[in-house]
Amino acid sequence: MEILILKENSFVCSHKGGLVTFSYEDLVSIECEKPLIRLRLNEMTISIKTTLCNIENHLDVFFVRVNRQVIVNMKYATQIISNPKEDRIQLKNGLEYKISERKKRNVRLSFLQYV
């Protein structure tokens with residue numbers, strides 16, 4: 001059974017048969033690949049069964065949804081790449097995510113505020 005307990009400054013989740021505690025500061029991005037949610041941390045990736053909305057309600061303001069499937073920690077953002085077809089956000093660890101049209105304004109404002 002998978003466990004995810006969301007606290008004020010940290011979260012506890014099941015990993016390799018045990019429970020591990022992580023700070024939200026270590027969380028780089030959260031990706032949805034139904035039925036799993038992938039938590040990308042500094043050193044590892046953890047997949048767990050839950051919903052993106054369940055996690056989003058417990059996150060700090062520097063976590064921003066960039067599209068339907070991804071939430072990023074804006075403290076790890078390095079740049080926003082714009083081209084005629086789409087905008088993308090690039091993170092410190094080399095990850096890139098497409099920014100949806102509806103989220104562009106919010107992502108840009110958050111980028112200016114937290115980077």
Side-chain angles (χ1 to χ4, degrees):
M1 183 169 135
E2 295 178 342
I3 297 172
L4 179 64
I5 302 168
L6 302 165
K7 298 182 178 181
E8 188 174 326
N9 295 320
S10 62
F11 62 97
V12 179
C13 63
S14 54
H15 181 63
K16 295 184 180 179
L19 294 176
V20 184
T21 301
F22 295 102
S23 169
Y24 287 122
E25 298 288 327
D26 296 333
L27 192 56
V28 177
S29 65
I30 305 165
E31 303 169 2
C32 177
E33 285 189 22
K34 290 184 179 178
L36 298 174
I37 298 296
R38 181 178 299 135
L39 304 171
R40 291 200 181 262
L41 301 153
N42 285 329
E43 295 106 26
M44 67 175 69
T45 301
I46 298 173
S47 296
I48 195 160
K49 282 187 181 179
T50 188
T51 64
L52 206 53
C53 291
N54 183 34
I55 295 173
E56 186 176 32
N57 295 331
H58 293 86
L59 297 174
D60 289 328
V61 293
F62 50 87
F63 284 93
V64 177
R65 190 183 282 246
V66 295
N67 59 47
R68 284 186 180 196
Q69 292 87 19
V70 179
I71 299 172
V72 298
N73 184 341
M74 292 305 284
K75 292 182 177 182
Y76 286 94
T78 56
Q79 66 180 338
I80 293 178
I81 303 165
S82 296
N83 61 44
K85 291 184 180 180
E86 66 183 18
D87 288 355
R88 301 183 73 76
I89 188 162
Q90 186 175 41
L91 305 179
K92 289 179 183 175
N93 58 359
L95 290 172
E96 276 188 24
Y97 297 108
K98 180 182 175 185
I99 303 171
S100 72
E101 288 295 321
R102 292 181 179 175
K103 302 291 183 182
K104 279 184 184 180
R105 184 174 186 271
N106 188 34
V107 171
R108 288 180 182 275
L109 290 173
S110 295
F111 181 81
L112 292 172
Q113 185 174 1
Y114 296 109
V115 176

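- Under the 4.5 Å side-chain criterion, counting only non-hydrogen atoms from C-beta, Ile55 is not in contact with Phe63.
- For the residue pair Gln69 and Tyr97, no side-chain donor N or O sits within less than 3.5 Å of a side-chain acceptor on the partner.
- Side-chain contact check for Tyr24 and Asn73: no donor-acceptor pair (N or O, by modelled atom type) lies under 3.5 Å.
- By the rule that hydrophobic residues join a cluster once side-chain heavy atoms approach within less than 4.5 Å of another member, Val61 and Tyr76 end up as members of one cluster.
- We find the NZ-NE2 distance between Lys7 and His58 to be 12.5 Å, quoted to the nearest 0.5 Å.
- With hydrogens and angles ignored, the 3.5 Å screen pairs no side-chain donor or acceptor of Ser29 with any backbone N or O of Arg40.
- Looking at Ile30 and Leu59, their side chains come closer than 4.5 Å, going by heavy atoms from C-beta outward.
- In this structure, the side chains of Arg38 and Leu36 stay at 4.5 Å or more apart for every pair of heavy atoms.
- Looking only at distances, no side-chain donor or acceptor of Arg105 sits under 3.5 Å from a matching main-chain atom of Arg108.
- Side-chain contact between Lys34 and Cys32: present, with at least one pair of heavy atoms (C-beta onward) separated by less than 4.5 Å.
- We find the CD-CG distance between Glu25 and Asn42 to be 10.0 Å, quoted to the nearest 0.5 Å.
- Applying the salt bridge (charged side-chain N to carboxylate O under 4.0 Å, His left out) test to every pair with at least one member in residues 11-21, sequence neighbours left out, gives no pairs at all.
- Residues Asn54 and Ile37 are not in side-chain contact: their nearest non-hydrogen atoms beyond the backbone lie 4.5 Å or more apart.
- The CD atom of Glu56 lies 9.5 Å from the OG1 atom of Thr51; values are rounded to the nearest 0.5 Å.
- The line from CG of Leu39 to OG of Ser47 is 7.5 Å long, rounded to the nearest 0.5 Å.
- In this structure, the side chain of Asn83 engages the main chain of Lys85 through a donor-acceptor pair within 3.5 Å.
- A donor-acceptor pair under 3.5 Å is formed between the side chain of Asn67 and the backbone N or O of Lys98.
- Within the model, atoms CD1 of Ile48 and SG of Cys13 stand 5.5 Å from one another, a figure rounded to the nearest 0.5 Å.
- Annotation: side chain of Arg65 is in contact with side chain of Cys53 (closest heavy-atom distance under 4.5 Å).
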